[in-house]
Engineer: 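Below you will find the structure I want to go over with you.
Because the structure is predicted, anything quoted here is derived from the model rather than measured. Side-chain atoms are counted along with the backbone in the values below, which use heavy atoms only and exclude waters and symmetry mates.
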Amino acid sequence: MIKAEKLQKSYGSLTVLSDVSFSLGRGQKVALVGHNGTGKTTLLKIVAGLENQDAGKIEITGDACIGYLPQDTSLSGNESVVNYLRQVSGIDVLEKEIESLSSELSDHRKAKRYGEIHSKYEHLDGYSFAHKADVMLSGFGLEDVGLDRPLSSLSSGQKSKVALAGILLKGVDLLLLDEPTNNLDLPALIWLEDFLKKSEASCIVVSHDRRFLDKVAKKIFKLDWHTRSLTVTGGTYSDYLEVMSKRIAGQKEEHRIQQEEIGRLNEQAREKKADATRGSHWAPRDNDKFLRGFKRDRAGKSSKVAKAIEKRVEQMDKIEKPVERKLFEI
């Protein structure tokens with residue numbers, strides 16, 4: 001459904017995404033994680049077509065319907081909840097086109113178009129749309145909010161739930177959810193989890209709710225703070241945390257062992273340099289040229305050994321000390 005290759009995005013001198021590549025199949029649910037500021041929202045906007053990448057390419061199945069829920073879902077206006085849902089889901093437009101074409105079915109081209117539109121309308125359960133919308137709003141804990149209620153009378157949390165309901169009612173093939181759990185209580189979260197698990201739509205979700213991610217996602221896309229690239233890991237978010245904890249612990253131990261080895265080698269180099277200095281300045285009391293030559297020759301060898309040790313340290317593949325960051329600060 002989606003294939004991204006070497007995506008790059010910068011704002012001025014700030015590189016947000018670098019060499020980001022991934023693929024997402026139909027029906028797959030993915031958690032997009034990474035520390036704050038790593039470009040999660042930017043990547044979602046690029047996939048949604050709201051931002052352009054600076055380099056790289058992204059391919060999405062041509063007829064895929066995309067639904068994007070931003071963090072800020074503040075709705076404005078005095079239209080009713082049901083009218084908003086009809087517009088954002090596309091039901092309103094489909095009904096108008098069906099009505100317009102119904103009187104021109106003698107035209108073969110328009111009759112074909114009518115069939116396509118009508119099929120899409122049925123796919124979205126257009127004939128029972130009000131009931132479907134009412135059920136979905138109830139799932140989000142909005143059973144006391146009537147469909148005729150104006151948007152302007154809703155709280156910010158209620159508006160977020162209505163916006164999410166509108167996206168889910170579109171019959172999307174790809175869901176892009178940026179912090180959908182921010183304004184949902186536990187019953188609404190459980191309902192959304194169940195909906196996403198049963199849905200055939202693919203999904204990329206950003207959330208701070210570990211339980212929600214574990215229930216929904218079976219693959220992890222992780223944006224790295226330093227490289228600005230993306231890595232893919234299979235399994236739940238808890239699986240990912242366990243793997244990363246072990247990896248960090250292992251890297252810390254490898255770093256410690258290497259630093260001890262570097263310290264030991266540097267000490268050897270210092271000792272050899274000291275030997276070389278003492279040997280080069282050594283002078284026998286009886287002016288024994290043979291002994292003096294021997295000492296200086298050994299000093300030269302000590303100097304060469306010191307340089308060899310320093311070269312060895314310099315050419316080591318250094319193991320970076322892991323940056324201490326909270327793994328779940330996503």
Engineer: Can you find a pair of side-chain heavy atoms, one from Phe221 and one from Val232, that are under 4.5 Å apart?
Structural biologist: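 Yes, their side chains come closer than 4.5 Å.
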Engineer: For a quick test of reading the model, state the closest non-hydrogen atom pair linking Trp191 to Met136 and the distance between them.
Structural biologist: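 What the structure gives for the nearest pair is CH2-CG, 3.5 Å.
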Engineer: State whether a side-chain donor-acceptor pair under 3.5 Å links Ser152 with Asn78.
Structural biologist: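 The answer is yes; a qualifying pair exists.
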Engineer: Counting distance only, does the side-chain N/O of Lys318 pair as donor-acceptor with the main-chain N or O of Val313 below 3.5 Å?
Structural biologist: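 Yes; judged by distance alone, with no hydrogens or angles, the pair exists.
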Engineer: Is there a side-chain contact (heavy atoms from CB on, under 4.5 Å) between Leu230 and Leu43? Walk through the geometry before answering.
Structural biologist: CA-CA 10 Å; Leu230 182 143; Leu43 182 56; 4.0 Å; yes
Engineer: Quick test of your reading of the model: are Lys110 and Glu104 salt-bridged, counting only N-O distances below 4.0 Å?
Structural biologist: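 Judged by the 4.0 Å cut-off on N to carboxylate O distance, Lys110 and Glu104 do form a salt bridge.
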Engineer: Is there a donor-acceptor contact under 3.5 Å from the side chain of Ser202 to the main chain of Gly27?
Structural biologist: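 Side chain of Ser202 to backbone of Gly27, a donor-acceptor pair under 3.5 Å: yes, one is there.
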Engineer: So how far is it from Leu189 CG to Ser207 OG, rounded to the nearest 0.5 Å?
Structural biologist: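 OG of Ser207 is found 7.5 Å from CG of Leu189.
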Engineer: Determine, stepwise, if the pair Asp214 / Ser238 fulfils side-chain hydrogen bond (donor to acceptor under 3.5 Å, both in side chains).
Structural biologist: CA-CA 7 Å; Asp214 276 345; Ser238 288; 2.5 Å; yes
Engineer: Which pairs would a plain distance check flag for residues 121-133, meaning a side-chain donor or acceptor within less than 3.5 Å of a matching protein atom at least two apart in sequence or in another chain?
Structural biologist:
from   : atom 1 : to     : atom 2 : distance (Å)
Tyr121 : OH     : Glu95  : OE2    : 2.5
Tyr121 : OH     : Gly126 : O      : 3.1
Asp125 : OD2    : Lys132 : NZ     : 3.4
Tyr127 : OH     : His118 : NE2    : 2.7

Engineer: Rounded to the nearest 0.5 Å, how far does CD1 of Ile117 lie from CD of Glu99?
Structural biologist: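 The distance works out to 14.0 Å.
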Engineer: Evaluate the side-chain contact (heavy atoms from CB on, under 4.5 Å) criterion for residues Ile257 and Glu261: first the C-alpha distance (whole Å), next the side-chain angles of each, then the deciding distance (0.1 Å), finally the verdict.
Structural biologist: CA-CA 6 Å; Ile257 292 173; Glu261 176 66 3; 5.7 Å; no
Engineer: Please round to the nearest 0.5 Å and tell me the distance separating atom OG of Ser23 and atom CD1 of Ile58.
Structural biologist: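 Going from the OG atom of Ser23 to the CD1 atom of Ile58 covers 11.5 Å.
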Engineer: Determine, stepwise, if the pair Leu213 / Tyr240 fulfils side-chain contact (heavy atoms from CB on, under 4.5 Å).
Structural biologist: CA-CA 11 Å; Leu213 292 181; Tyr240 161 78; over 6 Å; no
Engineer: Consider only side-chain heavy atoms of I, L, V, M, F, W and Y, link residues closer than 4.5 Å, and tell whether Leu147 and Val135 are in one cluster.
Structural biologist: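 Cluster IDs for Leu147 and Val135 differ.
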Engineer: Is a side-chain N or O of Ser89 found less than 3.5 angstrom from the main chain of Leu85, in a donor-acceptor match?
Structural biologist: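 Here the side-chain-to-backbone pair exists.
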Engineer: Sub-3.5 Å donor-acceptor pair from the side chain of Ser21 to the main-chain atoms of Lys6, do we have one?
Structural biologist: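 Side chain of Ser21 to backbone of Lys6: a pair is present.
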Engineer: Within the 4.5 Å heavy-atom criterion, are Arg210 and Leu241 side-chain neighbours or not?
Structural biologist: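 Yes, their side chains come closer than 4.5 Å.
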Engineer: Indicate if Val82 and Val93 have the same hydrophobic cluster label, given that clusters are the connected sets of ILVMFWY residues with side-chain heavy-atom separations under 4.5 angstrom.
Structural biologist: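 No; Val93 is not reachable from Val82 via cluster members.
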Engineer: Listed by chain and number, what are the side-chain contact (heavy atoms from CB on, under 4.5 Å) partners of Val16, not counting sequence neighbours?
Structural biologist: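 Tyr11, Leu14, Thr42.
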Engineer: To the closest 0.5 Å, what do you measure between CG (Asp224) and NE2 (His35)?
Structural biologist: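 If I round to the nearest 0.5 Å, the distance is 9.5 Å.
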Engineer: With side chain to side chain donor-acceptor pair (under 3.5 Å) as the rule and sequence neighbours excluded, what pairs involving residues 169-178 come up?
Structural biologist: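 For residues 169-178, and leaving out neighbouring residues, the side chain to side chain donor-acceptor pair (under 3.5 Å) pairs sorted by first residue read Thr41-Asp178, Gln71-Asp178.
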Engineer: Going by heavy atoms in the side chains, are Leu177 and Leu196 under 4.5 Å from each other?
Structural biologist: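 Answer yes - side chains close enough.
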Engineer: Has the side chain of Asn266 got a donor or acceptor atom that lies under 3.5 Å from a matching backbone atom of Ile262?
Structural biologist: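 Yes, Asn266 side chain to Ile262 backbone: donor-acceptor pair under 3.5 Å.
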Engineer: Between the side chain of Lys218 and the main-chain N/O of Gly234, is any donor-acceptor distance below 3.5 Å?
Structural biologist: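 It does not hold such a pair.
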Engineer: Less than 4.5 Å apart, any side-chain heavy atom of Val243 and any of Thr233?
Structural biologist: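 Side-chain contact under 4.5 Å: no.
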Engineer: Among all residues two or more places apart in sequence or in another chain, which pass the ring pair (Phe, Tyr, Trp, His ring centres under 6.0 Å) test with Tyr68?
Structural biologist: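 Per chain and number, Tyr68 pairs via ring pair (Phe, Tyr, Trp, His ring centres under 6.0 Å) with no residue.
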Engineer: Quick one: pull up CD1 in Ile66 and CG in Leu44 and give me the separation to the nearest 0.5 Å.
Structural biologist: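 Rounded to the nearest 0.5 Å, the CD1-CG separation comes out at 11.0 Å.
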Engineer: Quick one: does Thr236's side chain have a donor or acceptor within less than 3.5 Å of a partner on Asp239's backbone?
Structural biologist: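 It does hold such a pair.
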Engineer: If you compare all heavy atoms of Gln53 against all heavy atoms of Lys57, which two are closest, and at what distance to 0.1 Å?
Structural biologist: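 Nearest pair, atom of Gln53 first, then Lys57: NE2-CA, 3.8 Å.
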Engineer: Between Cys65 and Gly171, which heavy-atom pair has the shortest distance, and what is it?
Structural biologist: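 Minimum heavy-atom contact is CB-O, 4.4 Å.
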Engineer: Is a donor on one side and an acceptor on the other found under 3.5 Å between the side chain of Asp54 and the backbone of Ser10?
Structural biologist: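 Judged by distance alone, yes, a pair lies under 3.5 Å.
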Engineer: Is there a side-chain contact between Thr227 and Asp19, using heavy atoms and a 4.5 Å cut-off?
Structural biologist: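 A side-chain contact under 4.5 Å is absent here.
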Engineer: Looking only at heavy atoms, what is the nearest atom pair of Thr38 and Arg228, with distance?
Structural biologist: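 Closest approach of Thr38 to Arg228: CA-NH1, 3.2 Å.
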Engineer: Report, one line per pair, each donor and acceptor closer than 3.5 Å where one atom sits in a side chain of residues 158-165; sequence neighbours left out.
Structural biologist:
from   : atom 1 : to     : atom 2 : distance (Å)
Gln158 : OE1    : Ser155 : N      : 2.9
Gln158 : OE1    : Ser155 : OG     : 3.4
Lys159 : NZ     : Leu75  : O      : 3.0
Ser160 : OG     : Thr73  : OG1    : 2.8
Ser160 : OG     : Ser156 : O      : 3.1
Ser160 : OG     : Asn183 : ND2    : 3.1
Lys161 : NZ     : Phe140 : O      : 3.1

Engineer: Minimum heavy-atom separation for Phe212 to Pro180, with atom names?
Structural biologist: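 That would be CE2-CG, 4.4 Å.
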Engineer: Pair Leu176, Leu69 - check side-chain contact (heavy atoms from CB on, under 4.5 Å), show working.
Structural biologist: CA-CA 6 Å; Leu176 306 172; Leu69 180 75; over 6 Å; no
Engineer: Is any side-chain heavy atom of Ile190 closer than 4.5 Å to one of Arg211?
Structural biologist: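 Heavy-atom side-chain distance check passes, below 4.5 Å.
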Engineer: With sequence neighbours left out, what residues match Lys96 under side-chain contact (heavy atoms from CB on, under 4.5 Å)?
Structural biologist: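 Listed in chain order: Asp92.
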Engineer: What's the shortest heavy-atom distance between Lys9 and Asn52, and which atoms?
Structural biologist: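 Heavy-atom minimum between the residues: NZ-O, 2.8 Å.
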Engineer: To the nearest 0.5 Å, what is the distance between NZ (Lys120) and CD (Glu97)?
Structural biologist: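 Result: 9.5 Å between the selected atoms.
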Engineer: For atom NZ of Lys198, decide whether the heavy atoms of other residues, nucleotides or ligands shown that lie under 6.0 angstrom number more than 12.
Structural biologist: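 Check fails, neighbour count at 12 or below.
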Engineer: Check whether any side-chain heavy atom of Leu142 sits under 4.5 Å from a side-chain heavy atom of Leu154, and report yes or no.
Structural biologist: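 Answer no - side chains too far apart.
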Engineer: If the threshold is 4.0 Å, N to carboxylate O, is there a salt bridge linking Glu193 and Lys29?
Structural biologist: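 The answer is no: the pair does not qualify as a salt bridge.
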Engineer: Do the charged groups of Glu260 and Arg264 touch, with an N to O distance under 4.0 Å?
Structural biologist: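 No, this pair does not count.
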Engineer: Report yes if the side chains of Val47 and Leu174 come closer than 4.5 Å at any heavy-atom pair, otherwise no.
Structural biologist: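 With C-beta onward as the side chain, the pair touches.
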Engineer: Where do Glu310 and Lys307 land on the salt bridge (charged side-chain N to carboxylate O under 4.0 Å, His left out) test, with the steps shown first?
Structural biologist: CA-CA 5 Å; Glu310 289 176 337; Lys307 289 179 180 179; over 6 Å; no
